[in-house]
Colleague: 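My questions all concern the structure below.
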There are 2 protein chains.
Amino acid sequence: MLRLSRLTDYGTVIMAHMAREPGHVYSAAELAGAVGVALPTASKILKTLARKALLHSLRGAHGGYLLARPPREISIAQVIDALEGPFGVTECSVAAGLCPQENACALRRHWQRIDRALRQTLDGLTLEDMTQPVPAGMPERRRAQHDRRHRSDGHG
Amino acid sequence: MLRLSRLTDYGTVIMAHMAREPGHVYSAAELAGAVGVALPTASKILKTLARKALLHSLRGAHGGYLLARPPREISIAQVIDALEGPFGVTECSVAAGLCPQENACALRRHWQRIDRALRQTLDGLTLEDMTQPVPAGMPERRRAQHDRRHRSDGHG
DNA sequence: TTTATATAGAATCAATTTAGTCCTATATGT
DNA sequence: ACATATAGGACTAAATTGATTCTATATAAA
């Protein structure tokens, strides 16, 4: 796995949808319909994204949500942060706890390094990228996507 | 988040512990003690790792487990695969489903790309690396760990 | 050959987490 | 005023995960 929660998944879909027309104000109902989730669910996500300052919200009649910044200034990592809390692959990498052995504590450092590397990848991809069709090449923004050979044998 | 399950976390700790003495045969009880988890839990993890061919198991008295390959030939990605099933950040990236809009299907491609990038990172790190102390520099094996600046503003 | 020690594998139970919904309050345009 | 929309919190139900237990099997040693 290494899964994102479903809500976060929806969140990225919603954000990507909004990124296609950055100035437009979308109501929760509109987005719920466009993305195919129930209104309360979309609402919940939108509220969170607004609270975390990735969206601006407008209350009252004709209100709704719009992106707080241009799509190219909102990264996937930021969306994940907003919807899933502090970034970290393992519990241990955020807060030490178990593992009485020195061995484990050594691991902690490694996990933190891994977190940084993964985060870097997700931070290098913006909403703008997500609206672009994947050109089978590399829509990487400014980071080279180097060779793909790796040492694993049986895993795709 | 983007969390690994706790069992997977334990699994990596166990594997890293075993990697310090690659030839040695460890009983489940021994490992449970060393790593600080209950015996049944360690057992469960070890059985899975053995079934997925990352460990060899020896039954009977004086039995136990040992690494199936040298530590530098077992990547973190492989351990995660074994304990968490098919690699993928989103449900959508493994099996399409929701998202009636064309927008969403475009996203799918992007998620798959993201999966590949993350996997590459985790595949570049082996058990051998995990046993090494983190030298504050870069224990990367053959992949350069480039600059750390990224575009996000408020997130650590 | 019997006994003690270990793993294999399936099934089960409890706890936690997550998804989804609902309710009340507040803001704004007509 | 009234209709429309978001804010925020509380609540419920479902799914996932963690942890344990049970039976079967294999092996070393007495």
Side-chain angles (χ1 to χ4, degrees), chain A residues 1-11 13-14 18 24-33 35-68 80 82-86 90-92 97-98, chain B residues 1-11 13-14 18 24-33 35-68 80 82-86 88 90-92 94 97-98:
Chain A
M1 293 217 254
L2 193 87
R3 278 288 147 82
L4 252 27
S5 84
R6 204 135 90 202
L7 260 353
T8 304
D9 193 352
Y10 296 162
V13 176
I14 288 174
M18 296 176 79
H24 192 271
V25 175
Y26 298 88
S27 72
E30 190 180 352
L31 289 167
V35 156
V37 302
L39 172 56
T41 301
S43 254
K44 188 181 192 176
I45 295 166
L46 290 163
K47 287 178 209 172
T48 302
L49 290 170
R51 211 176 318 130
K52 295 300 177 61
L54 294 185
L55 296 178
H56 286 152
S57 67
L58 300 174
R59 298 173 71 160
H62 299 151
Y65 300 89
L66 74 165
L67 295 183
I80 294 176
L83 293 171
E84 309 233 359
T90 61
E91 217 169 339
C92 194
L98 70 150
Chain B
M1 291 217 254
L2 194 88
R3 279 288 149 81
L4 252 27
S5 83
R6 203 133 92 202
L7 258 354
T8 304
D9 192 353
Y10 296 161
V13 176
I14 289 173
M18 296 177 80
H24 192 272
V25 174
Y26 299 87
S27 72
E30 191 180 352
L31 289 168
V35 156
V37 302
L39 172 56
T41 301
S43 253
K44 188 182 191 174
I45 294 167
L46 289 163
K47 288 177 207 172
T48 302
L49 290 169
R51 210 175 320 129
K52 295 300 176 60
L54 294 185
L55 297 177
H56 287 151
S57 67
L58 301 172
R59 298 173 71 159
H62 297 151
Y65 299 88
L66 73 164
L67 295 182
I80 294 176
L83 293 170
E84 308 234 359
T90 60
E91 217 170 336
C92 194
V94 175
L98 72 150

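Here is how names work: the chains are called A, B, and so on, in the same order as the sequence lines, proteins then strands, and each is numbered from 1.
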Colleague: Choosing from C/dG9, D/dT27, C/dT21, which nucleotide comes nearest the side chain of B/R51?
Modeller: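 Nearest to the side chain of B/R51 among the choices is C/dG9.
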Colleague: If the cut-off is 4.0 Å, is A/S57 near the phosphate of D/dA5, judged by side-chain N/O to OP1 or OP2?
Modeller: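 No, because none of the side-chain N or O atoms of A/S57 sits under 4.0 Å from OP1 or OP2 of D/dA5.
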Colleague: Can you check whether B/S27 has a side-chain N or O nearer than 4.0 Å to OP1 or OP2 of C/dT5?
Modeller: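 No, outside the criterion.
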Colleague: What distance separates A/Y10 OH from A/L46 CG, expressed to the nearest 0.5 Å?
Modeller: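 The distance works out to 13.5 Å.
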Colleague: I'd like to know if B/R59 reaches the base of D/dT25 with its side chain such that a donor and an acceptor end up less than 3.5 angstrom apart.
Modeller: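 Result: at least one qualifying N/O pair found.
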Colleague: Taking CZ from A/R3 and P from D/dA15, how many angstroms apart are they, rounded to a whole number?
Modeller: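 Checked: the CZ to P distance equals 16 Å.
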Colleague: Here's a test of your reading of the structure: between B/L39 and A/A38, which maps to the more 5' nucleotide of DNA chain C?
Modeller: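 With B/L39 and A/A38 compared, the 5'-side residue is B/L39.
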Colleague: Assuming nearest nucleotide by heavy-atom distance, tell me which of A/L58 and A/K47 is located more 5' along DNA chain C.
Modeller: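 With A/L58 and A/K47 compared, the 5'-side residue is A/K47.
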Colleague: So which one's nearest nucleotide on DNA chain D is more toward 5', A/K44 or A/Y65?
Modeller: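 Closest to the 5' end, via its nearest nucleotide, is A/Y65.
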Colleague: What is the distance, rounded to the nearest whole Å, between atom OH of B/Y10 and atom C1' of D/dG18?
Modeller: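 Going from OH in B/Y10 over to C1' in D/dG18 covers 8 Å.
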Colleague: How close or far is atom P of C/dG9 from atom CG of B/L49, stated in whole angstroms?
Modeller: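 Spelled out: CG on B/L49 to P on C/dG9 is 13 Å.
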Colleague: Does B/R6 make a side-chain N or O approach to OP1 or OP2 of D/dA19 shorter than 4.0 Å?
Modeller: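 Yes, B/R6 has a side-chain N/O under 4.0 Å of OP1/OP2 on D/dA19.
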Colleague: Rounded to the nearest Å, what distance is computed from the NZ atom of residue A/K52 to the P atom of nucleotide D/dA7?
Modeller: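 These atoms are roughly 14 Å apart.
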Colleague: B/E84 side chain to B/S5 main-chain N or O, any donor-acceptor pair under 3.5 Å?
Modeller: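 At least one qualifying donor-acceptor pair exists.
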